[in-house]
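The structure appears below as structure tokens.
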Amino acid sequence: MGDGRVTAPAPLPTEATATVGGRRANYRETGSGSPVLLLHGIGRSLHDWDDQHRLLSSEHRVISLDLAGFGDSDPLPRTHTLDSLAAFCSAFLDALGIDSVDVVGNSLGGAVAMALAVRDPGRVRHLVLINSAGFGSTVTSALRAIAVPVVGRVLLRPSEKTARQTERALFRDRSFVSEERIARSLRRGSRRGAMRAFREVAHDLGTIRGIRPAWRARLTSAVAASRTPVLVLWGDRDLILPAEHLREAQRLLPDATTHLFAETGHMPHLERADEVAALILPFLADRAGDR
């Protein structure tokens, strides 16, 4: 099966840091032109966007960011929630002097992207949501259990076994479950503050029963009312946020453009990198829907 990966990729620029609220925000920047901010999922990092840097930066200034408490960005001094992560992203854009931006988010990053668009009306030109949280209550049982404080501490203890299981759950094509990705996952989980951020966000968004309905309803209705152009992409074999969520996204955001990838898991921007970029680039270039 075609995996959409870039052959013999050129090395990307090293990561950089910005100071946000007195703490370190880790990011990578490539290209030039109108800025695009890339936001990863829970427990992940900016490395998930390496292929999209290569594919999008021919036409855009592409910035991938480690959310606060994840990757190599410092944790927040306060509780990590959807709203506090959106505020962190807003302050990060301020630090880089960016007033207007397109935002692409995967999983948790999709929910943060929507929250940023609602928090800063007019700042987010377009939203691209890839297997995004916010459209349904069902979620993998492991994430539901992590939302329980005591259980979450046990389940999130870093181990090679846990890292391997996590990576296997993300991809339909198991060739993406490389030793490099497993080692990187283990390093992320072992960083100081990472597990606190993971537990706090999981608790904010969900319970043992699934993803909380209140924030989903508030966020999706606000995005729909904002008239921000939205592209929603999904993998049909997602084990984390099942593809039925795409149908709910179509109902809640009837003006959104949507696409379902066959034989693809939770990370289409990795498994179907070329195809994802081929959908994103013309969507961002179409300014007809801009406010």
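The shortest side-chain heavy-atom distance between F135 and L253 falls under the 4.5 Å cut-off. You'll find the side chain of R191 reaches within 4.5 Å of the side chain of D72, heavy atoms only. Residues E179 and R164 have side chains in contact (heavy-atom distance under 4.5 Å, counting atoms from C-beta outward). Side-chain contact between I130 and V232 is absent, with no heavy-atom pair separated by less than 4.5 Å. Residues E200 and H203 have side chains not in contact (no heavy-atom distance under 4.5 Å, counting atoms from C-beta outward). Proximity of V101 to V36: side-chain heavy atoms (C-beta onward) are nowhere separated by under 4.5 Å. Looking only at side-chain heavy atoms (C-beta outward), L12 and R54 come within less than 4.5 Å of each other.
Tracing side-chain contacts under 4.5 Å through hydrophobic residues (I, L, V, M, F, W, Y), one never reaches F176 starting from L46; they form parts of separate clusters. A continuous path of Ile, Leu, Val, Met, Phe, Trp and Tyr side chains, each step under 4.5 Å between heavy atoms, connects L127 with I98, placing both in one hydrophobic cluster. L39 and L96 end up in the same hydrophobic cluster when Ile, Leu, Val, Met, Phe, Trp and Tyr side chains are linked at under 4.5 Å. Clustering ILVMFWY residues whenever any of their side-chain heavy atoms sit less than 4.5 angstrom apart, transitively, puts L38 in the very cluster that holds L279.
Checking side-chain atoms of T19 against main-chain N and O of G22 turns up no donor-acceptor pair under 3.5 Å. Although no hydrogens or angles enter the test, the distance criterion places a donor-acceptor pair under 3.5 Å between the side chain of T166 and the main chain of T162. Put simply, the side chain of S57 never gets that close to the backbone of T30: no donor and acceptor are under 3.5 Å apart.
Ion pairing between R237 and E271 fails under the 4.0 Å rule for side-chain N and carboxylate O. Using a cutoff of 4.0 Å between basic side-chain nitrogens and carboxylate oxygens, D255 and R227 are scored as salt-bridged. Salt-bridge formation is detected for the pair R44/E167: a Lys NZ or Arg NE/NH1/NH2 atom is positioned less than 4.0 Å from an Asp or Glu carboxylate oxygen. Remark: D94 engages R123 in a salt bridge, criterion side-chain N to carboxylate O under 4.0 Å.
By the side-chain hydrogen bond (donor to acceptor under 3.5 Å, both in side chains) test, H266 pairs with S107, D238, sequence neighbours left out. Residues satisfying the side chain to side chain contact (heavy atoms under 4.5 Å, CB included) criterion with Q165, sequence neighbours excluded, are K161. For the ring-ring contact (aromatic ring centres under 6.0 Å, His included) test, residues two or more places apart in sequence or in another chain that qualify with H269 are W49. Partners of T81 according to the side chain to side chain contact (heavy atoms under 4.5 Å, CB included) rule, which considers only residues two or more places apart in sequence or in another chain, are T79, D83, S84, D204. Considering only residues two or more places apart in sequence or on other chains, F92 meets the ring-ring contact (aromatic ring centres under 6.0 Å, His included) condition with Y27. Under the side chain to side chain contact (heavy atoms under 4.5 Å, CB included) criterion, R23 pairs with D74, P77, sequence neighbours left out.
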Margin query: Run the side chain to side chain contact (heavy atoms under 4.5 Å, CB included) test on L170 and V177 for me, step by step, so that the C-alpha distance in whole Å, both residues' side-chain angles and the decisive distance to 0.1 Å come before the verdict.
Written below: CA-CA 9 Å; L170 294 173; V177 187; over 6 Å; no
Item checked: Check against side chain to side chain contact (heavy atoms under 4.5 Å, CB included), H259 and F261 -> CA-CA 7 Å; H259 183 84; F261 293 99; 3.6 Å; yes
Next item on the list: Show your working on side chain to side chain contact (heavy atoms under 4.5 Å, CB included) between L231 and T258 and close with a plain yes or no.
Entry: CA-CA 6 Å; L231 172 64; T258 64; over 6 Å; no
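Of the candidates H245, R251, Q250, R251 is the only one forming a side-chain hydrogen bond (donor to acceptor under 3.5 Å, both in side chains) with E248. Just one of I240, D173, V276, N106 meets the side chain to side chain contact (heavy atoms under 4.5 Å, CB included) condition when paired with M267; it is N106.
Residues A262 and D236 come closest through the heavy atom pair C-OD1, 3.3 Å. Shown here for G71 and S45, the closest heavy-atom pair between the two residues is CA-CB, 4.0 Å. Here the closest heavy-atom approach between residue L55 and residue A277 is recorded as CB-CB, 3.7 Å. Of all non-hydrogen atoms in N26 and A16, the two that sit nearest each other are OD1-O, 3.3 Å. Closest approach of A113 and L129 over heavy atoms only: CB-CD2, 4.4 Å. Of all heavy-atom pairs between F88 and D66, the closest is CE2-O, 3.7 Å.
Remark: the S90 side chain and the D120 side chain contain an N/O donor-acceptor pair separated by less than 3.5 Å. A donor-acceptor contact under 3.5 angstrom links the side chains of H53 and S64, judged on distance only. Side-chain contact check for S34 and H60: at least one donor-acceptor pair (N or O, by modelled atom type) lies under 3.5 Å. With hydrogens and angles left out, the side-chain atoms of R61 and S32 include no donor and acceptor closer than 3.5 Å. In this structure, a donor-acceptor pair under 3.5 Å is present between the side chains of H47 and E15.
In this structure, CG in L37 is found 10.0 Å from CG in D102, a value given to the nearest 0.5 Å. Distance CG/L233 to OG/S132: 10.5 Å, rounded to 0.5 Å. In this structure, OG on S221 lies 11.5 Å from CZ on R216, to the nearest 0.5 angstrom. Note: Q52 CD to L281 CG = 8.5 Å, rounded to the nearest 0.5 Å. Put simply, CG on L241 and CG on L246 are 12.0 Å apart, with the number rounded to the nearest 0.5 Å. To the nearest 0.5 Å, the span separating CG on L67 from CD1 on I42 amounts to 10.0 Å.
Taking a 6.0 Å sphere around CZ of R24, one finds it holds more than 12 heavy atoms contributed by other residues, nucleotides or ligands.
Classification of the H80-F70 ring pair by plane angle, with boundaries at 30° and 60°, yields perpendicular.
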